[in-house]
Number of protein chains: 2
Amino acid sequence: MWPIRGMLADAGVTEQQWRVLRVLDEEGPMDPTSIAERAVLLLPSLTRILQKLEDKGFVTRERDESDRRRQIIRATETGRHIIAVNMDTSRKILTDLRERLGDDRHEVLIDLLNELTALDD
Amino acid sequence: MWPIRGMLADAGVTEQQWRVLRVLDEEGPMDPTSIAERAVLLLPSLTRILQKLEDKGFVTRERDESDRRRQIIRATETGRHIIAVNMDTSRKILTDLRERLGDDRHEVLIDLLNELTALDD
DNA sequence: CGCACTTTGTTAACTTGTTAAACAAAAGCA
DNA sequence: TGCTTTTGTTTAACAAGTTAACAAAGTGCG
């Protein structure tokens with residue numbers, strides 16, 4: 001799992017920036033609140049992350065004219081490029097991990113972690 | 001697990017400060033490097049945490065005269081009092097969690113997490 | 001002895017989690 | 001319409017993880 005950080009460092013993004021970009025890449029443009037939910041980030045964190053992503057030219061923001069409190073964030077071509085270039089490596093790191101841990105144990109682990117977080121609702 | 005934070009917030013310490021105090025309480029005075037190892041903290045983090053604990057009067061530092069690079073950190077009476085007062089609640093929160101998850105699942109979870117971290121060595 | 005190398009700990013800089021507070025736009029309502 | 005409440009987002013402030021740079025003390029070797 002660790003190698004993910006190295007890969008992202010080389011790509012010039014942090015883990016959270018990567019998650020946000022992936023959400024936008026996979027689900028299309030959306031407002032910050034939805035991104036935060038899907039990327040499991042609190043809004044104040046997301047605010048800062050979006051500022052960095054915007055500075056780097058990986059996302060753009062646009063006011064939603066039908067509700068001017070809202071914004072629509074979209075990944076730029078450059079932003080989507082980061083995903084495209086690193087997705088294979090990312091997937092490989094995860095499948096390697098799954099393999100090293102064992103398919104069955106990996107699944108049990110995920111289930112137990114989900115159960116654990118479900119306890120806090 | 002969450003209730004731990006509430007308990008500690010009431011006690012006026014953070015999770016990491018609590019961990020450091022527990023290490024010192026359970027294993028006696030020791031140098032920062034050893035504390036970091038036992039509390040699973042990086043030294044730069046520990047440096048800050050010890051400063052806060054010292055400010056609050058929960059620990060004291062003393063130079064090791066046989067090797068003047070080293071320090072010996074010890075919990076004060078006040079520091080140990082924090083542990084004494086909150087230890088029961090802390091233990092109860094953990095046994096409650098174990099119970100809610102199920103003894104067997106709890107154990108499997110711990111094992112899998114250990115296995116996972118062991119993969120990174 | 002003098003100098004390179006190692007160990008211990010700190011500081012700095014950056015990113016994020018977290019909580020609380022601030023704000024502006026929109027909605028609901030008298 | 002004017003006022004209160006709700007919603008979406010940002011800002012502020014503090015603690016911690018992480019990496020790099022650095023100072024001081026100790027070690028070892030020519």
Practice prompt. Run the numbers on A:L8 and A:E15 for side-chain contact (heavy atoms from CB on, under 4.5 Å), then give the verdict.
Written response: CA-CA 7 Å; A:L8 295 178; A:E15 285 179 55; 4.0 Å; yes

Practice prompt. Ignoring hydrogens and angles, answer whether the base of C:dG17 and the side-chain atoms of A:R48 contain a donor-acceptor pair closer than 3.5 Å.
Written response: yes

Worksheet item: Are A:R61 and A:Q71 close enough that a side-chain donor and a side-chain acceptor fall under 3.5 Å?
Response: yes

Worksheet item: Hey, which of these two, A:Q16 or B:P44, hits DNA chain C nearer its 5' end, going by closest nucleotide?
Response: B:P44

Practice prompt. Would you indicate what B:R19 reaches in the nucleic acid, counting non-hydrogen atoms under 4.0 angstrom: base, sugar-phosphate, or nothing?
Written response: nothing

Worksheet item: Does the pair B:R70 and B:D67 meet the rule for a salt bridge (charged side-chain N to carboxylate O under 4.0 Å, His left out), with working shown?
Response: CA-CA 6 Å; B:R70 273 206 178 75; B:D67 181 345; 3.0 Å; yes

Discussion item. Rounding to an integer number of Å, can you tell me how far B:I35 CD1 sits from D:dA16 C1'?
Written reply: 17 Å

Response to the item:
Rounded to whole Å, the CH2-P distance (A:W18 to C:dT16) equals 15 Å

Worksheet item: In whole angstrom, what separates A:L42's CG from D:dC14's C1'?
Response: 15 Å

Worksheet item: From D:dG8, C:dA26, C:dT15, pick the nucleotide closest to the side chain of A:D67?
Response: C:dA26

Worksheet item: Think B:R5 has a side-chain N or O under 4.0 angstrom from the OP1 or OP2 of C:dT18?
Response: yes

Worksheet, complete the sentence: Among the nucleotides D:dG26, D:dT11, C:dT11, whichever has the atom closest to the side chain of A:Q51 is D:dT11

Worksheet item: Base, sugar-phosphate alone, or nothing: which one does A:L41 contact when heavy atoms must sit under 4.0 Å apart?
Response: sugar-phosphate

Worksheet item: Rounded to the nearest Å, what distance is computed from the CG atom of residue A:L46 to the C1' atom of nucleotide D:dG8?
Response: 12 Å

Item to complete: Return the value, rounded to whole Å, for the distance between atom CG of A:D64 and atom C1' of C:dA26.
Response: 12 Å

Worksheet, complete the sentence: Atom CD of A:E37 and atom P of D:dT7 are separated, to the nearest Å, by 14 Å

Worksheet item: Does OP1 or OP2 of D:dA16 have a side-chain N or O of B:T14 closer than 4.0 Å?
Response: yes

Worksheet item: In whole angstroms, how far is the C1' atom of C:dG9 from the CD1 atom of B:I49?
Response: 14 Å

Item to complete: Report the distance from atom NZ of A:K52 to atom C1' of C:dT15, rounded to the nearest whole Å.
Response: 6 Å

Discussion item. Quick check: any donor-acceptor pair below 3.5 Å linking the side-chain of A:R69 to the base of D:dT9?
Written reply: no

Worksheet, complete the sentence: With the side chain defined as heavy atoms from C-beta on, B:T47 is closest, among C:dT11, C:dT15, D:dG26, to C:dT11

Worksheet entry | Residue pair A:D31 / A:S34, side-chain donor-acceptor N/O under 3.5 Å | yes

Worksheet item: So what does B:Q71 touch, heavy atoms closer than 4.0 Å: a base, only the sugar-phosphate, or nothing?
Response: sugar-phosphate

Worksheet entry | Along DNA chain C (nearest heavy atom to each residue), the more 5'-positioned of A:S45 and B:R61 | B:R61

Worksheet entry | Any A:S90 side-chain heavy atom under 4.5 Å of A:I4 side chain | yes

